Participant: 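Right, I'll just put the structure down here and ask away after.
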Amino acid sequence: MLAAVATTMIALCGATDCALPDPATQTELDYASMRGYVLEEGEARFVRHAPVFLVEGYEKEYNRIGTPSARLDADGEEEIYVDATQPTYYLDSREWTSGARKYTNLIYRVHFEQSKSNSNSRDGGNGRNVGVMVIVTLDEEDKPVYVNSVQTCGCFHAVLPTNFTSPDAYPDWWNMDSFTVYGETLPGRLTYPEDFGTEYRPVVFLREGNHRTANMLIASIGDVREKYPLITAAAEPMEALKHLKLGDGETSFYYESGDKKGLVKGAYKRGEAFLLGAFVGDGRVGQDRIYGGDDELPRGFYTSIKRGEKNDSDMWDYKPFLELDGWKP
């Protein structure tokens, strides 16, 4: 029965991954309520390509990028939460090849204390400790050729090419002007200056409440700062998420064993699990997770809920992930 309901919903909204309908898509962003986050210090390569996040509805704490943290509650039990008073970018890199071509993924991960249905949304994907990743793919000349935005549950991924992307890499059906990801219209190509130096970055506009990417462009830090207040984020290695301070010891942001291994603690989303779990074959569908291989995440960081596509849609193995979307890296 649940599988039938899910199949009907997916057919109605044209979905192929873990989406639920959201009427807030396509509505005008409230630019006046936005604040931005920027990475300005740290390893030069990461800083040079780091996205600027502009988040709608900054006045609400759950729309502020924070720092995953741990504490003991009144009963002495572990509680994982995101401290909205201090923003942190978590960083990692991963190399991969396609034939003779070599690429490097620069991975940027941020988290929010929770996602919430806003006044325009019927999104069932509420959860705590949710996040967003942006992956900037560099070619052998250190030029960005893809910018991928994805929720840390694997949902709503959007791969955007740039003016440095090889013309023969595009899907046959690609529209250079725009494309749609669950109702959000994004540009069909990002354009960097030919010599973009250290000032030009991807600028990612995140929608209030659900933190989905609603727009993206390339701009200089100076131009962004003229229009929006920018908050400098701290930089930490991705590994730091496994070593959160707790009392005199430490704990992990993720479950470390059992059926929930690799999932973010506290990020369970009942709405998505109820409606889509049986269809996907995963009772934890929509739950935010570690970005890692089978040893860390047996479920995989899959981005499609079609059972026949789950393995190839796993973003950890980047070449088949891109090829599933029609890219020819």
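Being a predicted model, the structure only gives us computed values, none of them experimental.
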Participant: When you compare the side chains of Y318 and N148, does any donor N or O come within less than 3.5 Å of an acceptor on the partner?
Facilitator: yes
Participant: With no hydrogens and no angle check, just 3.5 Å: does a side-chain donor-acceptor pair link T88 and E236?
Facilitator: no
Participant: Checking D325 against H157: is there a side-chain donor and acceptor pair closer than 3.5 Å?
Facilitator: yes
Participant: Do W316 and F321 have ring centres separated by under 6.0 Å?
Facilitator: no
Participant: Can you check whether Y192 and Y200 have ring centres sitting under 6.0 Å from each other?
Facilitator: no
Participant: Between G131 and D288, which heavy-atom pair has the shortest distance, and what is it?
Facilitator: N-OD2, 3.2 Å
Participant: Do R225 and S220 have side-chain N/O donor and acceptor atoms under 3.5 Å apart?
Facilitator: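 Side-chain D/A pair, R225 to S220: absent.
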Participant: Would you say the ring centers of Y89 and Y37 fall short of 6.0 Å from each other?
Facilitator: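 Ring centres of Y37 and Y89 not closer than 6.0 Å.
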Participant: Can you hop from L39 to L217 via hydrophobic side chains spaced under 4.5 Å?
Facilitator: no
Participant: Salt-bridged, R64 to E59, with N to O below 4.0 Å?
Facilitator: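 E59 and R64: not salt-bridged.
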Participant: Identify which one of W174, W173, Y103 satisfies the ring-ring contact (aromatic ring centres under 6.0 Å, His included) criterion when paired with W327.
Facilitator: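 Option passing the ring-ring contact (aromatic ring centres under 6.0 Å, His included) with W327: W174.
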Participant: If the plane angle is over 60° it's perpendicular, under 30° parallel, otherwise tilted; pick one for Y31 and Y228.
Facilitator: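 Geometry flag for Y228 against Y31: tilted rings.
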Participant: Could you walk me through whether I221 and V52 pass side chain to side chain contact (heavy atoms under 4.5 Å, CB included), step by step?
Facilitator: CA-CA 8 Å; I221 297 295; V52 175; 3.6 Å; yes
Participant: For R101, is there an ion pair with D168 - N to carboxylate O distance below 4.0 angstrom?
Facilitator: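 Looking at R101 together with D168, the answer is yes, because their closest N to O distance falls below 4.0 Å.
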Participant: Kindly indicate whether a cation-pi arrangement holds for R212 with F156, taking the cut-offs as under 6.0 Å to the six-membered ring centre and within 45° of the axis.
Facilitator: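 Judged by the rule (NZ or CZ under 6.0 Å from the ring centre, within 45° of its axis), R212 counts as positioned above F156.
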Participant: For K102, I'd like to know if atom NZ has over 12 heavy atoms of other residues, nucleotides or ligands within 6.0 Å.
Facilitator: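 It does not: K102 NZ has 12 such atoms or fewer within range.
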Participant: Between the side chains of K265 and T251, does any donor sit under 3.5 Å from an acceptor?
Facilitator: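 Distance-only check passes for K265 and T251.
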Participant: Does the side chain to side chain donor-acceptor pair (under 3.5 Å) test come out yes or no for E40 and T232, once each step is laid out?
Facilitator: CA-CA 7 Å; E40 297 185 290; T232 300; 2.7 Å; yes
Participant: Can you list the steps and then say if M216 with V203 is a side chain to side chain contact (heavy atoms under 4.5 Å, CB included)?
Facilitator: CA-CA 5 Å; M216 197 184 301; V203 180; over 6 Å; no
Participant: In this structure, which one of N175, N215, D177 forms a side chain to side chain contact (heavy atoms under 4.5 Å, CB included) with P187?
Facilitator: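 By the side chain to side chain contact (heavy atoms under 4.5 Å, CB included) criterion, P187 pairs with just one of N175, N215, D177: N215.
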Participant: Is NZ or CZ of K310 both nearer than 6.0 Å to the six-membered ring centre of Y302 and within 45° of the ring axis?
Facilitator: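 Relative to the ring axis of Y302, which defines the angle, K310 lies inside both limits.
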Participant: Do L29 and Y58 belong to the same hydrophobic cluster, where Ile, Leu, Val, Met, Phe, Trp and Tyr are linked whenever their side-chain heavy atoms lie under 4.5 Å apart, directly or via other members?
Facilitator: no
Participant: Tell me whether R45 is salt-bridged to E43, with the criterion being a basic N under 4.0 Å from an acidic carboxylate O.
Facilitator: no
Participant: Quick one: do the T137 and N105 side chains pair a donor with an acceptor below 3.5 Å?
Facilitator: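 Yes, N105 and T137 have a side-chain donor paired with an acceptor closer than 3.5 Å.
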Participant: Between Y81 and R71, is there a cation-pi geometry (under 6.0 Å to ring centre, at most 45° from the normal)?
Facilitator: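 Yes.
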Participant: Begin with the C-alpha distance, continue with both residues' side-chain angles, and end with the deciding distance and a verdict on salt bridge (Lys or Arg N to Asp or Glu O under 4.0 Å) for R299 and D259.
Facilitator: CA-CA 9 Å; R299 280 178 165 80; D259 180 60; 3.4 Å; yes
Participant: If you group Ile, Leu, Val, Met, Phe, Trp and Tyr by side-chain heavy-atom gaps below 4.5 Å, do Y90 and I231 land in one group?
Facilitator: yes
Participant: Do N63 and H211 meet the criterion of a side-chain donor-acceptor pair at a distance under 3.5 Å?
Facilitator: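 Indeed, the side chains of N63 and H211 share at least one donor-acceptor pair under 3.5 Å.
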Participant: Got more than 12 heavy atoms from elsewhere within 6.0 Å of CD, E41?
Facilitator: no
Participant: Under the criterion salt bridge (Lys or Arg N to Asp or Glu O under 4.0 Å), I'd like the reasoning laid out for E79 against R128: C-alpha separation, chi angles, the key distance, then a yes or no.
Facilitator: CA-CA 11 Å; E79 180 184 0; R128 294 189 295 114; 5.0 Å; no
Participant: Give the cluster check for V130 versus I80: same hydrophobic cluster or not, with ILVMFWY residues linked at side-chain heavy-atom distances below 4.5 Å.
Facilitator: yes
Participant: Could you walk me through whether Y291 and F301 satisfy the ring pair (Phe, Tyr, Trp, His ring centres under 6.0 Å) test, starting with their C-alpha distance in whole Å, then the side-chain angles of each, then the deciding distance to 0.1 Å, before giving a yes or no?
Facilitator: CA-CA 6 Å; Y291 183 52; F301 198 94; 5.3 Å; yes
Participant: Whether the S304 and S313 side chains hold a donor-acceptor pair (N or O, under 3.5 Å, no angle test) is what I'd like checked.
Facilitator: no
Participant: Counting N and O atoms only, with roles assigned by atom type, does the side chain of S98 sit under 3.5 Å from a partner on the main chain of K319, one being a donor and the other an acceptor?
Facilitator: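 Not at all, since once roles are kept as given, no pair shorter than 3.5 Å links the two residues.
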Participant: Considering all heavy atoms of both residues, which atom of A70 and which atom of L244 are nearest to each other, and what is their separation?
Facilitator: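 Between these two residues, the closest heavy atoms are CB-CB, 4.2 Å.
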Participant: Considering non-hydrogen atoms only, spot the tightest contact between K260 and Y255 and give its length.
Facilitator: O-CB, 3.2 Å
Participant: Taking atom types as modelled, is there a side-chain donor on E208 or Y62 under 3.5 Å from an acceptor on the other?
Facilitator: yes
Participant: Side chains of N163 and R189: does their closest heavy-atom pair fall under 4.5 Å?
Facilitator: yes
Participant: Which heavy atom of P161 sits nearest a heavy atom of V159, and at what distance?
Facilitator: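 Looks like CD-O, 3.9 Å.
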Participant: For this output row, return yes or no: ring centroids of H111 and F253 closer than 6.0 angstrom.
Facilitator: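 They qualify: ring centres under 6.0 Å apart.
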Participant: Which heavy atom of P329 sits nearest to which heavy atom of E323, and what is that distance?
Facilitator: CD-CG, 4.0 Å
Participant: Does one hydrophobic cluster hold both V145 and Y170, with members joined at side-chain heavy-atom distances below 4.5 Å?
Facilitator: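 Yes, V145 and Y170 fall within the same hydrophobic cluster.
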Participant: Taking all atoms of both residues into account, what is the closest heavy-atom pair of S33 and G57, and its distance?
Facilitator: OG-N, 2.9 Å
